[in-house]
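Notes follow once the structure below has been shown.
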Amino acid sequence: MTLGEALAAARGQIDRLDARLLLQSATACSHADLLARPETPVIASAYAQFVDWVARRAAGEPLAYLVGEAEFRGRVFQVSPAVLIPRPETEVLIDLALDKLTGMVSPSVVDLGTGSGIVAVSLALECPAATVTAVDLSEAAMAVARNNAGRLRARVDFRAGDWFAPLAGEHFNLIVSNPPYVADGDPHLALNGLPFEPQMALTDGADGLDCIRCIVADAAAHLNPGGWLLFEHGYDQGEASRNLLTAAGFKAASTFPDLAGIDRVSGGHL
Ligand code: GLN
């Protein structure tokens, strides 16, 4: 079996790009190796790994879980089924957070429900003046996040617990979160590989706003004067989010779109 033959064997079963990426990962070959030397033999164990991955990919398992990594903002993050796969729309949250952090001397930031750690790690690396804390309820998710922070050399202080529970008496300049916001029973949860992702990271098991209500209600008690709260949400949750922010005493409650023009992040300040 050669690289070229292995790739041909997957044809028709899964997407061509996915097949190439799985073969590269199974054989530790680069795209250039594949193009320049398709006649390179594939050892039996690597081919067996590739065949297993192709079958699982064909059954809907996300590519990121098979190869164990995903890219976000130009960095490679380790992922496992304990964490949500990074979504490009979460970059909006990062860009807005960096915008608020600009000009602060040594700001403190907390990322609630950090998952794989993409938000906390990106902010720590892109705003080196910031002190970054990250919270997650799932110990398994936090192990992934810790590993990502270590591999990418980001300084992040990790805490296990439920939203603000491990932050008693602490105050921050910025609170960010990408909480579970898909409503229970949303048909979207059955599509695009979502059944393979941790349901606790996707849905609150209620109307989709439960975690957002919880975060907005307790945020003011953990913000310094003038501090900001920014969180990601669903396409139809902008108005409800702004109303919650205003009711909790936040000023300038606003909603920002993602690159597809869909309402994606809301926030306000004290
Ligand atoms: N944006 C994700 C999705 O629709 C959901 C992410 C989340 O719940 N935080 O698949």
Just wondering, do [Y] and [X] contact through their side chains at under 4.5 Å, heavy atoms?
X	Y	value
Arg56	Tyr65	no
Leu21	Val67	no
Leu167	Val135	yes
Lys251	Leu270	no

Under the side-chain contact (heavy atoms from CB on, under 4.5 Å) criterion, do Gln78 and Ser116 qualify, and how do the steps go? CA-CA 7 Å; Gln78 189 215 335; Ser116 62; over 6 Å; no
State yes or no: do [X] and [Y] share one hydrophobic cluster built from I, L, V, M, F, W and Y residues joined by side-chain heavy-atom distances below 4.5 Å, directly or via other members?
X	Y	value
Leu112	Phe158	no
Leu191	Leu202	no
Leu34	Leu63	yes
Val54	Met1	yes
Ile94	Phe256	yes

Decide yes or no on side-chain contact (heavy atoms from CB on, under 4.5 Å) for Asp263 and Gln237, but give the supporting numbers first. CA-CA 8 Å; Asp263 279 358; Gln237 295 171 333; over 6 Å; no
Measure across [X] and [Y] and return the closest heavy-atom pair with its distance rounded to 0.1 Å.
X	Y	answer
Pro180	Trp163	CD-CH2, 3.8 Å
Ala201	Leu84	CB-CD1, 3.9 Å
Ala183	Leu189	O-CD1, 3.7 Å
Ala134	Val156	CB-CG1, 3.7 Å
Thr255	Gly238	OG1-O, 3.6 Å
Pro62	Ile85	CB-CD1, 3.4 Å

Keeping to residues at least two apart or across chains, list the salt bridge (Lys or Arg N to Asp or Glu O under 4.0 Å) pairs with something in residues 218-245.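 Every pair satisfying salt bridge (Lys or Arg N to Asp or Glu O under 4.0 Å) with a residue in residues 218-245: there are none.
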For [X], give me all partners under side-chain contact (heavy atoms from CB on, under 4.5 Å), at least two apart in sequence or on another chain.
X	result
Ala97	Leu123, Leu174, Val176, Leu230
Asp258	Glu89, Val92, Ala260, Ile262, Arg264
Thr40	Leu3, Arg37
Ala9	Tyr47

Just by distance, with hydrogens left out, do [X] and [Y] show a side-chain donor and acceptor under 3.5 Å apart?
X	Y	answer
Ser30	Asp33	yes
Ser108	Thr131	no
Asp111	Thr114	yes

Only pairs under 3.5 Å count here: list side-chain donor-acceptor contacts from residues 204-215, not counting sequence neighbours, and write none if there are none.
{"residue": "Asp204", "atom": "OD1", "partner": "Ala206", "partner atom": "N", "Å": "2.7"}
{"residue": "Asp204", "atom": "OD1", "partner": "Gly208", "partner atom": "N", "Å": "3.1"}
{"residue": "Asp204", "atom": "OD2", "partner": "Gly208", "partner atom": "N", "Å": "2.8"}
{"residue": "Asp204", "atom": "OD2", "partner": "Leu209", "partner atom": "N", "Å": "3.1"}
{"residue": "Asp204", "atom": "OD2", "partner": "Asp210", "partner atom": "N", "Å": "2.9"}
{"residue": "Asp207", "atom": "OD1", "partner": "Leu209", "partner atom": "N", "Å": "2.9"}
{"residue": "Asp207", "atom": "OD1", "partner": "Arg213", "partner atom": "NH1", "Å": "3.4"}
{"residue": "Asp207", "atom": "OD2", "partner": "Arg213", "partner atom": "NH2", "Å": "2.5"}
{"residue": "Asp210", "atom": "OD1", "partner": "Arg213", "partner atom": "NH1", "Å": "2.8"}

I need the [X] [atom1] to [Y] [atom2] distance, nearest 0.5 Å.
X	Y	atom1	atom2	result
Leu7	Leu22	CG	CG	10.0 Å
Asn148	Arg153	CG	CZ	14.0 Å
Ser106	Asn173	OG	CG	8.0 Å
Asp136	Arg146	CG	CZ	11.0 Å
Glu91	Ser122	CD	OG	7.5 Å
Asp162	Leu137	CG	CG	5.0 Å

Which residues share a ring-ring contact (aromatic ring centres under 6.0 Å, His included) with Trp228, sequence neighbours left out: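 Listed in chain order: His269.
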Does a sphere of radius 6.0 Å around CD in Glu39 hold more than 12 heavy atoms from other residues, nucleotides or ligands, not counting ones at 6.0 Å or beyond?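 Yes, CD of Glu39 has more than 12 neighbouring heavy atoms, counting only those of other groups under 6.0 Å.
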Should the heavy atoms of other residues, nucleotides or ligands under 6.0 Å from CZ of Arg16 be counted, would the total exceed 12?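 Check fails, neighbour count at 12 or below.
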What pairs meet the ring-ring contact (aromatic ring centres under 6.0 Å, His included) rule with one or both residues in residues 164-190, with sequence neighbours excluded?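 Every pair satisfying ring-ring contact (aromatic ring centres under 6.0 Å, His included) with a residue in residues 164-190: Phe164-His222.
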Apply salt bridge (Lys or Arg N to Asp or Glu O under 4.0 Å) to [X] and list each qualifying residue two or more places apart in sequence or on a separate chain.
X	answer
Glu69	none
Arg75	Glu126
Arg159	Asp157, Glu170

Step by step, work out the side-chain contact (heavy atoms from CB on, under 4.5 Å) result for Phe231 and Val216. CA-CA 9 Å; Phe231 56 89; Val216 173; 3.8 Å; yes
Counterpart residues, side-chain hydrogen bond (donor to acceptor under 3.5 Å, both in side chains), relative to His31 (two or more places apart):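 side-chain hydrogen bond (donor to acceptor under 3.5 Å, both in side chains) check on His31 returns Arg20.
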Test Ser266 against Leu245 for side-chain contact (heavy atoms from CB on, under 4.5 Å), laying out the working first. CA-CA 9 Å; Ser266 286; Leu245 285 161; 4.2 Å; yes
Run the salt-bridge test on Glu71 and Arg87 with the 4.0 Å N-O cut-off and return the result as yes or no.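 No salt bridge links Glu71 with Arg87.
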Donor-acceptor check, side chain of Thr27 to backbone of Leu23, threshold 3.5 angstrom: yes or no?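 Flag set: sc Thr27 to bb Leu23 pair under 3.5 Å.
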Tell me if a side-chain donor or acceptor on Thr90 pairs with a main-chain N or O of Pro86 at a distance below 3.5 Å.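 Not at all, since once roles are kept as given, no pair shorter than 3.5 Å links the two residues.
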Can you list the steps and then say if Arg11 with Glu5 is a salt bridge (Lys or Arg N to Asp or Glu O under 4.0 Å)? CA-CA 10 Å; Arg11 201 167 292 151; Glu5 286 163 359; over 6 Å; no
